[in-house]
Amino acid sequence: MKRWNGWGNVATEYPVPPSALEYLTERLGPLDPRPDAAKETLLAAVSESRLPAHRLVDVSAGARLTHTRGQSLPDWADLRCGRVASFPDGVAFPETDEDVRDLLSYAQNAGAQVIPYGGGTSVVGHINPVKSDAPVLTLSLERMTRLLDLDETSRLATFQAGVVGPDLERQLKARGYTLGHFPQSFEYSTLGGWIATRSSGQQSYHYGRIESLFAGGTVETPRGRLEMKPVPASAAGPDVREMLLGSEGRLGVITQADVRVRRLPEAESFFGVFFPSWEQGREAVRAIVQNEMQVSMLRLSSPLETETTLILSGKSWVGLADRGLRTIGYGDTRCLMIFGVTGSRRSFHRTRREVAALCRKRGGLFVGAVVGHTWEKSRFLTPYLRNTLWEKGIAIDTLETALPWAQVHEASSAIPRAIVEAMAKHNEPVLAFAHLSHVYRDGASIYTTCLFRRTPDPDELLARWQNMKHNASLTIQRYGGTISHQHGVGTDHMPYLPAEKGPLGIDALRAVCTSFDPDGMMNPGKLV
Ligand SMILES: Cc1cc2nc3c(=O)[nH]c(=O)nc-3n(C[C@H](O)[C@H](O)[C@H](O)COP(=O)(O)OP(=O)(O)OC[C@H]3O[C@@H](n4cnc5c(N)ncnc54)[C@H](O)[C@@H]3O)c2cc1C
C-alpha cells in the first residue's frame with residue numbers, strides 16, 4: 001500500500017544508523033520532531049464534491065485526499081501538517097481512450113478543470129488543484145497500463161500511458177527488451193508522466209532522455225484526438241511530438257505512447273572511483289564524455305555529498321575505505337564518482353578498462369564494483385530516506401539545473417552556497433551539497449540536495465524553503481542554467497520561466513495551449 005503522506009510503499013523503510021543521526025545533529029542542531037497530522041483530520045477537511053455523478057468518477061474523501069498533492073516539500077508540509085487548502089472534486093479512473101474522451105466531454109459539460117495524473121511523483125506542484133470556482137477532476141491513468149503492441153522489427157513498443165516503471169520493464173523483459181528509462185522515482189512514475197515532464201532516467205547517457213525514447217502516440221485533447229505516427233526522423237516542419245514533451249497536462253491527456261526499445265544488455269555493472277578533489281573528478285568526468293567513452297551513467301559527488309551519503313549509507317566498508325584512502329595519502333576531502341557500463345560483453349570490458357585507466361591518470365582511485373553495487377541496490381530506495389529523516393525532524397529538498405561545462409565549475413559551488421546564505425538570514429544551518437548527475441559533451445546537470453531542521457510552525461518552514469529555493473533559482477539564472485533539467489516547471493518553477501524563454505517564447509507556449517484547449521480547462525495554473 002502506498003503512503004498517503006510520504007514516499008512509497010508503507011512496507012519499505014530506510015533506517016538511518018545512530019552514527020548518521022549524530023552526524024546530522026552535530027551539523028544542524030537539536031531536532032524537534034513533531035507528530036504528523038492524522039489522516040482522519042485531513043479526510044474531515046475534504047468538502048462536498050461539486051461534480052455531477054459519473055460511472056468512472058470516485059468522489060470519496062479517500063480518493064480525493066490521496067490524489068491532491070505530489071512529492072514536493074510544500075506538498076509534504078501540507079499533508080503532514082494537516083493544512084491542505086484544495087482537493088480535487090473527484091478522481092476518474094478510465095481504462096480506455098474512449099473512457100478518457102468521455103471524461104473530457106463530461107468535464108466540459110460540468111465546466112470542470114482536468115488534471116491528468118500519472119504516478120503523482122511530481123516535485124514541483126504539477127498535480128495540485130489550484131483554488132478556483134470551477135470543480136476540479138483529477139484524471140488518473142492508473143488503470144491504463146497495458147503493452148498494446150511490440151513491433152520487434154522496428155523495436156517500437158506501444159503502451160497505455162499510465163504504466164509505471166517496474167510494470168513497463170516487466171512487460172518488456174518478458175520479451176527480451178528494455179526501455180532503459182530509470183528515474184529515481186521509477187517505482188511509481190508513469191510513461192505519460194515522463195513524457196509530460198521531459199523526464200531523464202539515471203542511465204539516459206546510454207538510453208537517451210525521454211525526448212529520444214518517445215516516438216509517437218495518442219493524445220485526447222478538449223478539441224479532439226491527436227495522433228502522432230512514429231517515424232525514425234522527419235523534416236516535415238516543427239515536430240508536434242515535441243510540443244507534447246513537457247506539456248505538463250496543459251494540452252490534453254496522453255493515452256498511448258510508442259517508445260523506442262532495445263534488446264536487454266548482455267552485461268551491466270556500476271563502479272566506484274574516489275578522487276582527492278572536486279576539480280580532478282570534474283575534469284575526469286568531462287574527459288570521459290568528451291572522449292566519447294561508452295559509459296551508461298556517470299555521477300560525481302562533491303566532498304560534502306560524498307561524506308554525508310557514505311555516513312548515511314551505514315555500510316561497514318565505509319570506515320575501511322576511509323582508512324585505506326588515508327593510508328595512500330588522501331586527506332579529509334574525497335569525491336565519489338559512480339559510473340555504469342551497459343552493453344555487449346566485449347564493449348563492457350573495454351569501457352570499464354578505459355574509464356578506470358583515464359581516472360587513474362587524473363589522480364582517481366578505481367575501487368571496483370562494491371561501491372557501485374551499493375549504489376545500484378539503493379538507487380530506488382534512497383527516496384525512502386526522506387520519510388525516515390522527516391520523522392526524526394529533518395526535511396530534505398532537491399533542485400537541479402543543467403549548464404555548459406564552462407559554467408559548471410563555479411555554479412556547482414555557488415548553488416549550494418546560495419542555499420546556505422538564504423538560511424543564514426534565518427540563523428539556521430543547512431547541509432547543502434551537489435553532484436553532477438547527467439553529463440553531456442557540452443555540459444552537465446547539477447543536482448543539489450539540502451537537509452535542514454523542520455520547524456514546528458509550517459509557515460516558518462515554508463518561508464525558509466521559499467527563500468532557499470528563490471536564492472538558488474536566481475543563482476542558476478545568473479549562471480545561465482535552465483530552471484529545470486528534469487523535474488519540469490509546475491507551479492514552483494513558473495516564476496522563473498519567462499527569464500529563460502523570453503516574452504515571445506512564453507507567448508508561443510500560451511498560444512499552443514490555447515489551440516489545443518481554447519477554454520483553458522487542462523491543468524490551469526501550471527507551466528505558463
Ligand atoms: C523521489 C523522487 C525522485 C525523482 N527522480 C527523478 C528522476 O530521476 N528523473 C526525473 O526526470 N524526474 C524525477 N522525479 C520527478 C518525477 O518523478 C517526474 O517528473 C515524473 O516524470 C513524473 O511522472 P508521474 O507519472 O508521477 O507524473 P505526475 O506527477 O502524476 O504528473 C506530472 C505532470 O505530468 C502530467 N501528466 C501525467 N501523466 C500524463 C498523461 N498521461 N498525459 C498528460 N499529462 C500527464 C500531469 O498533469 C502533471 O502536470 C523524481 C521525483 C521524486 C519524488
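All values reported here derive from a predicted model rather than from experimental measurement. In listed order, ligands and their atoms are each counted from 1.
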Please say whether Trp7 places an N or O atom under 3.5 Å from an N or O atom belonging to ligand 1. no
Counting heavy atoms under 4.0 Å, the part of Val123 that contacts ligand 1 is side chain
Is Ala161 in polar range of ligand 1, meaning some N or O pair under 3.5 Å apart? no
Interatomic distance, CZ@Arg225 vs CZ@Arg101, rounded to 0.5 Å, equals 7.5 Å
Short list, please: which atoms of ligand 1 are under 4.0 Å from a heavy atom of Gly193? 21 (O), 23 (O), 24 (P), 25 (O), 27 (O), 37 (C), 38 (N)
For Ser445 and Ser437, which I'm curious about, is there any donor-acceptor pair between the side chains at under 3.5 Å? yes
Counting only heavy atoms, tell me which of Ser185, Ala196, Pro383 gets closest to atom 17 (O) of ligand 1. Ser185
Contact partition for Tyr188 relative to ligand 1, non-hydrogen atoms under 4.0 Å: neither
Go through Thr374 and Phe270 one step at a time and tell me if the side-chain contact (heavy atoms from CB on, under 4.5 Å) criterion holds. CA-CA 9 Å; Thr374 304; Phe270 300 88; over 6 Å; no
Which residue supplies the protein heavy atom nearest to atom 48 (C) of ligand 1, what is that atom called, and how far is it? His126 CB, 3.4 Å
Could you establish whether Gly252 and ligand 1 come within less than 4.0 Å of each other, counting only heavy atoms on the residue side? yes
Within ligand 1, which atoms have a heavy atom of Gly192 less than 4.0 Å away? 38 (N), 39 (C), 41 (N)
Kindly assign one of parallel, tilted or perpendicular to the pair Trp7 and Tyr384, based on the angle between their ring planes and the thresholds 30° and 60°. perpendicular
Pairwise distance CG(Leu244) to CD1(Ile254) - rounded to 0.5 angstrom: 5.0 Å
List ligand 1 atoms under 4.0 Å from Trp194, heavy atoms only on the residue side. 21 (O)
Mind checking the NZ-SG spacing from Lys526 to Cys513? Nearest 0.5 Å is all I need. 12.5 Å
Does Thr255 approach ligand 1 within less than 4.0 angstrom via side chain, backbone, both or neither, non-hydrogen atoms only? neither
In ligand 1, which numbered atoms sit nearer than 4.0 Å to a non-hydrogen atom of Ser199? 10 (C), 11 (O), 21 (O)
Counting neighbours of NZ on Lys501 that are heavy atoms of other residues, nucleotides or ligands and sit closer than 6.0 Å, is the number greater than 12? no
Using a 6.0 Å cut-off, check whether atom CZ of Arg260 has over 12 heavy atoms from anything other than its own residue. yes
So is Gly120 touching ligand 1 or not, going by heavy atoms under 4.0 Å? yes
May I ask you to check whether over 12 heavy atoms, not counting those of Arg441, lie within 6.0 Å of atom CZ? no
Distance under 4.0 Å to a non-hydrogen atom of Leu141: what atoms of ligand 1 satisfy this? 41 (N)
Under 4.0 Å between a side-chain nitrogen and a carboxylate oxygen: does that hold for Arg3 and Glu13? yes
From the candidates Thr491, Val253, Thr121, Thr138, the one that places a heavy atom nearest atom 51 (C) of ligand 1: Thr121
Going by the order shown, which atoms of ligand 1 are within less than 4.0 Å of some heavy atom of Gln184? 3 (C), 5 (N), 6 (C), 7 (C), 8 (O)
Is Pro116 in polar range of ligand 1, meaning some N or O pair under 3.5 Å apart? yes
Residue, atom and distance of the protein heavy atom nearest atom 49 (O) of ligand 1 read Glu248 O, 3.0 Å
Quick one: look at Val219 and ligand 1, take heavy-atom pairs under 4.0 Å, and tell me if it's side chain, backbone, both or neither. neither
Name the closest protein heavy atom to atom 21 (O) of ligand 1, giving the residue it belongs to and the distance to 0.1 Å. Thr197 OG1, 2.8 Å
Should the pair Arg379 and Phe182 be classed as cation-pi, given the thresholds of under 6.0 Å to the six-membered ring centre and 45° from the axis? yes
In ligand 1, the atoms that come under 4.0 Å of a heavy atom of Ser122 are 29 (O)
Starting at NZ of Lys173, measure out to CG of Leu179 and round the result to the nearest 0.5 Å. 14.5 Å
For ligand 1, indicate whether the residue Asn523 contacts it via side chain, backbone, both or neither (heavy-atom separation under 4.0 Å). side chain
If you scan protein heavy atoms around atom 31 (O) of ligand 1, the nearest is Ile127 CG2, 3.6 Å
Is it the side chain, the backbone, both or neither of Thr190 that has a heavy atom closer than 4.0 Å to ligand 1? both
Contact (N/O only, under 3.5 Å) between Ile254 and ligand 1: yes
Going by the atom numbers of ligand 1, which of them fall below 4.0 Å from some non-hydrogen atom of Gln71? 53 (C)
Identify whether NZ of Lys or CZ of Arg in Arg69 sits under 6.0 Å from the centre of the six-membered ring of Trp76 and within 45° of that ring's axis. no
Taking side chain to side chain contact (heavy atoms under 4.5 Å, CB included) as the criterion, tell me which of Asp99, Val253, Val57 meets it with Pro94. Asp99
Under 4.0 angstrom from ligand 1, any heavy atom of Ser200? yes
Between Arg286 and Asp442, does any side-chain N to carboxylate O distance fall below 4.0 Å? no
Nearest heavy atom to atom 24 (P) of ligand 1: which of Ser247, Gly119, Gly246, Gly201 does it belong to? Gly119
Salt-bridged, Glu242 to Arg198, with N to O below 4.0 Å? yes
